[in-house]
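Quick notes on the structure that follows.
This one's a predicted model, so the numbers in the text were calculated from it and none came from an experiment. Quick note: numbers below take in every heavy atom, side chains included, and nothing from hydrogens, waters or symmetry partners. Counting convention: from 1, in listed order, for ligands and their atoms alike.
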Amino acid sequence: MKILHTGDLHLGRFYKGELPQNISSIRREELWVSFKNTIEYVNDNNIDVLLICGDIYEREYFTFSDMLRFRDILNKLNSAYTFIIGGNHDYIDENSLLYKVDFNEKVYIFNKDAFFDIDELNLRVHGISWNRQFDFNTDLNFKVEDEKTNILMLHGSVGGRDYFPIDMKVIDEYKFDYVALGHIHLEQKIEDNCYYCGSPEGLSFSELGDRGFLVVEIENGERKVDFISNSIRKYNEIILEVSEDITVEKVLEEFNNLLSSKKEDLNRVIVRGKYTNPNYLIEVLKNQRGFFYVEIVDELKLTISIEELYEKNRENIIGKYIAGAKADTRLLNIGLKALLEAKNEN
Ligand SMILES: [Mn+2]
């Protein structure tokens with residue numbers, strides 16, 4: 001039996017000013033495209049079961065027509081069974097949009113049911129939708145059956161204290177063939193039979209690198225878990241180190257080298273080191289074109305000391321300004337910054 005484990009899709013995500021408008025619109029749509037690609041993967045690779053472990057969508061930004069779209073995409077599945085639990089962003093109650101549309105008979109949504117059986121696959125899938133009131137120590141209702149393949153779906157944090165804490169000591173007693181987790185957006189193995197799938201697309205600069213989903217093969221009690229990279233773009237954080245003896249031209253060469261394989265990604269370049277004209281360099285880097293998205297974080301320091309600057313500029317406006325403002329450090333820094341920038345513009 002082949003299982004695809006995904007979750008934390010965050011369809012409809014609203015990018016709260018963290019990206020420019022045009023980029024966030026593209027990303028919002030790409031979350032949908034990424035999900036469509038996942039469905040295509042299920043069809044092309046004879047996956048029997050699709051598990052979606054919560055946070056499919058963000059309740060406050062998801063409309064009825066979004067839910068119809070979600071249904072239409074899910075309906076493209078050729079034969080796989082789908083199991084859905086709610087997460088903290090799309091918690092399930094009687095008003096949940098998941099209940100306002102009709103899914104086909106191969107889609108199972110966990111609300112009150114403790115498990116569903118699929119006789120054709122000799123499979124029992126347990127699941128608990130995210131619930132703030134759920135008491136992990138007393139409310140568990142698992143009925144593992146040894147003759148079947150037993151799977152559990154949860155949305156919460158292993159060892160955590162808020163947001164549905166999951167106690168692995170309790171889970172381990174049930175001997176599940178596989179425990180599919182959602183909520184933590186970084187793909188990771190918790191135990192041999194228990195994984196977080198991670199978010200299928202990075203959602204911010206705190207979700208760097210490769211993203212995708214997990215494919216789990218369970219055959220005769222043997223289990224194989226593979227991460228499949230599937231994201232449309234990645235978030236990257238890149239450090240660009242400079243020193244005062246490097247020309248702007250050489251910095252640009254380095255910048256382009258670092259980004260050459262990442263042109264279509266979302267990149268954050270942190271510029272570090274000491275430089276004679278830091279503000280000028282940052283402006284030049286900010287104006288580079290030909291990338292999907294690059295943001296520059298300025299961690300440069302001015303190398304030159306005030307004394308040195310004064311010695312080199314005695315005869316011009318910079319030197320005269322230093323002489324006049326040196327008693328007030330704050331004023332000195334503000335004025336110097338403006339003067340050095342103005343000088344570079346000419
Ligand atoms: Mn999430």
| request: Taking both backbone and side-chain atoms into account, decide whether His89 has an N/O/S atom under 2.8 Å from the Mn ion (ligand 1). | output: no

| query | Got an N, O or S from His155 under 2.8 Å of the Mn ion (ligand 1)? | reply | no

| Atom name of the N, O or S atom in Asp8 that lies nearest to the Mn ion (ligand 1) | OD1

| By atom name, which N, O or S atom of Asp55 is the nearest to the Mn ion (ligand 1)? | OD2

| Atom of Trp130, atom of His155 and distance for their closest heavy-atom approach | CD1-O, 3.5 Å

| task | Verify whether one side chain among Glu295 and Tyr293 offers a donor that lies under 3.5 Å from an acceptor in the other. | result | yes

| request: Would you verify whether the NZ or CZ of Arg71 falls within 45 degrees of the ring axis of Phe103 while also being under 6.0 Å from that six-membered ring's centre? | output: no

| task | Step by step, work out the ring pair (Phe, Tyr, Trp, His ring centres under 6.0 Å) result for Phe116 and His126. | result | CA-CA 7 Å; Phe116 295 107; His126 293 75; over 10 Å; no

